[in-house]
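Take a look at the structure below.
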There are 2 protein chains.
Amino acid sequence: MSNMELPTSLSIYGNEKVAKDILSRIWGKKGVFTCTVANTLTSTIPGISDAGDTPELTMFTPAADAELLVLGRTVCMKGIPINPGGIPTPATLTKAALELSKMPFFIVNGGCKIKPNLPCIEMGGACGDYVTSGKAVSNAKEIFNNGVILGEMLSHGSDFVVVSESCAGGTTTALAVLLAMGIVKENLVSSSSPNNPRELKMRTVTEGLKAAGIGIGDLANDPLKAIACVGDPMMPANAGIIIGAAKRVPVIVGGGTQMAAVIAAAVKLDPSIIGNIFQGTTRWLMEDPNSSMAKIMDSISGEVPIVYVNMDYSSSPYEGLQAYEWGYIKEGVGCGGSSVASIIQSSGDITCKDLLDKVHEIYRKIMNFD
Amino acid sequence: MSNMELPTSLSIYGNEKVAKDILSRIWGKKGVFTCTVANTLTSTIPGISDAGDTPELTMFTPAADAELLVLGRTVCMKGIPINPGGIPTPATLTKAALELSKMPFFIVNGGCKIKPNLPCIEMGGACGDYVTSGKAVSNAKEIFNNGVILGEMLSHGSDFVVVSESCAGGTTTALAVLLAMGIVKENLVSSSSPNNPRELKMRTVTEGLKAAGIGIGDLANDPLKAIACVGDPMMPANAGIIIGAAKRVPVIVGGGTQMAAVIAAAVKLDPSIIGNIFQGTTRWLMEDPNSSMAKIMDSISGEVPIVYVNMDYSSSPYEGLQAYEWGYIKEGVGCGGSSVASIIQSSGDITCKDLLDKVHEIYRKIMNFD
């Protein structure tokens, strides 16, 4: 099985041996998907986040994404989360993957100001403060501990666990944590916009590190402190879930550069999880010229591979979806992780084409095109 | 399969055809277990509840039960929940069933004053008021709606769903709701004590009905109002989960007379669930001379059967467990439902003897006998 042929829907970056070992152990098996929603006031800093039509609306995006996944419609706001220009949330792809695979899924509340109108698994967190405050997450340790317990619970009765996030502003807090831990020395993180506001992000993050009295790499060995100072409430929840679950079953860490900070923290807190986790993401993220998921992952560990789904929206009749090919969105709400997981669970029966067809069906329904 | 032979560990009361039809559809299949924890101030009325060493401690029992199931130890209080006299919580049997079957499980927070120190699925409820207030649950409709959503979520990826409760004082609120709905005209509910305080319960409940301006049977067609007036926050959560899940998969309603009020409410709110639910409980409850589960269920519907586990603690070397044979405890924390579910999931491979051996192992560990 370690010489398994990958379907063309999937590609591997990094340590192929580890990736194929994990894939062979969960191929055709049953997973459970989670999406951790959280807010950080950081997303309301004008220009930082495009995950919402306006800076204020970015606070509603996580709750609306969760409602879309669970209820098939939004309750906390009118319409669905869009980027400026009307590009629909990647939750449309996540929902397609979950519907096709019939995978069970849960929403985890890492700490929201705007809560989804549905039953969430509570981690005891609260909305994160501005990264510039230098005290961004008030109870990172408690959230992390709850995450570990939840990860253990999820590993009962499932052959693998998928974690993911919807937290607007999260690439900025990820950059801050990666700098505090010394994983990166420069801005390699992505953005939901093709015009990644790199300087603004770096300036904002530098202000946060200064407020916390942290230099680059100072918290290499204390990831929970890095998160408490300049992270967001999604991070300790997901780091905990990964560690709790990966002791027993493989974990797919769904998401982009935002989740790199979570992987870095989890690997530092419990190196024994290496060999039982990989990142699940999209071709769009891997091909992003304005970020480098690959470089970041190489810096964390050479043994956490990336498995990505080769989704291609260029043939879509809808401009809002074609925009994914022009550098918009790229990742989020576990769209990559859930797609990868749906392909794995179906032993490769589900393809990128099936996923695209389902995305079209969901998109038409949401936009009332039918 | 409808002529299936039941293992001796299980017995059926009521409509055998419905029971065997459901059993044949879930035999050897995979379930998910939930326990809904909630508080009602009713349990602190002296003499009402024995689910705790003192009236005040009854408020800690649900959280402690949940911690015992998930963490294997209590955090919110010292020691484990016991009845006066030192008889251990039925969570010991629930834990045995969950460990043997490896069934995934979640704790649902229906509305607690004392919350478990672990990640719960939040229903948006709050601690229930005294049943005597006549306004016992402030947002029954919201909790119910969340329950329906959760039930639908749980029915993804599981072949059946088990619901249960830990809510001290719950037989008193159950009696109140059953009277308000006209299901019973007299006190047929059970107690965790062999000296069921029947007059005190009836007096307390009568006060609550009077405060709400309700006569017996007045709310036969409005179970959510009955719960809002004289129920507890566990009820709307579980009624919702049952309805949400039973549309797609069979549901085992774990628990005693306390859950009869939930079944009555659920069946009235959505009669289409009949044929896809049964109650899962214990021999101790069915043989209780001071209550009549059977009579109550006959009044609700002739088509919701009871499947009970023939656990017998008389050969146990521990007096705290033998006490179950003397009329103490009998049910709670889904001990009956989880036992029945573990036997079903294992196609009968798990027996009452296996469960008892595991209960002994857990009991010794908790009591530090080893």
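Quick note: numbers below take in every heavy atom, side chains included, and nothing from hydrogens, waters or symmetry partners. Chain A is the first sequence line, chain B the second, and so forth, proteins listed ahead of strands; every chain is numbered from 1.
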Check: Looking only at heavy atoms, which two atoms of B/P104 and A/G157 are closest? And how far apart?
Finding: CD-CA, 4.1 Å
Notebook entry, point to check: For B/K115, does the NZ atom have more than 12 heavy-atom neighbours from other residues, nucleotides or ligands under 6.0 Å away?
Noted result: no
Margin query: Looking at A/K30, I want to see if its NZ is surrounded by more than 12 non-hydrogen atoms of other residues, nucleotides or ligands under 6.0 Å.
Written below: no
Note to self: I'd like to verify something: which residue of A/H156, A/E122, A/M123, A/M103 has the highest number of heavy-atom pairs under 4.5 Å with chain B?
What the structure shows: A/E122
Margin query: If I measure from the heavy atoms of chain A, does B/L98 come under 4.5 Å with its side chain, its backbone, both, or neither?
Written below: neither
Next item on the list: Could you tell me the separation between the CD1 atom of B/I121 and the CG atom of A/N109, rounded to the nearest 0.5 Å?
Entry: 12.5 Å
Notebook entry, point to check: Looking at A/P119 and B/I149, what are the two nearest heavy atoms and their distance?
Noted result: CD-CG2, 3.7 Å
Notebook entry, point to check: Any idea which heavy atoms bring A/M153 and B/I107 closest together, and the distance?
Noted result: CE-N, 4.4 Å
Item checked: Spacing of CD belonging to A/E152 relative to CG belonging to B/L71, to within rounding of 0.5 Å -> 8.5 Å
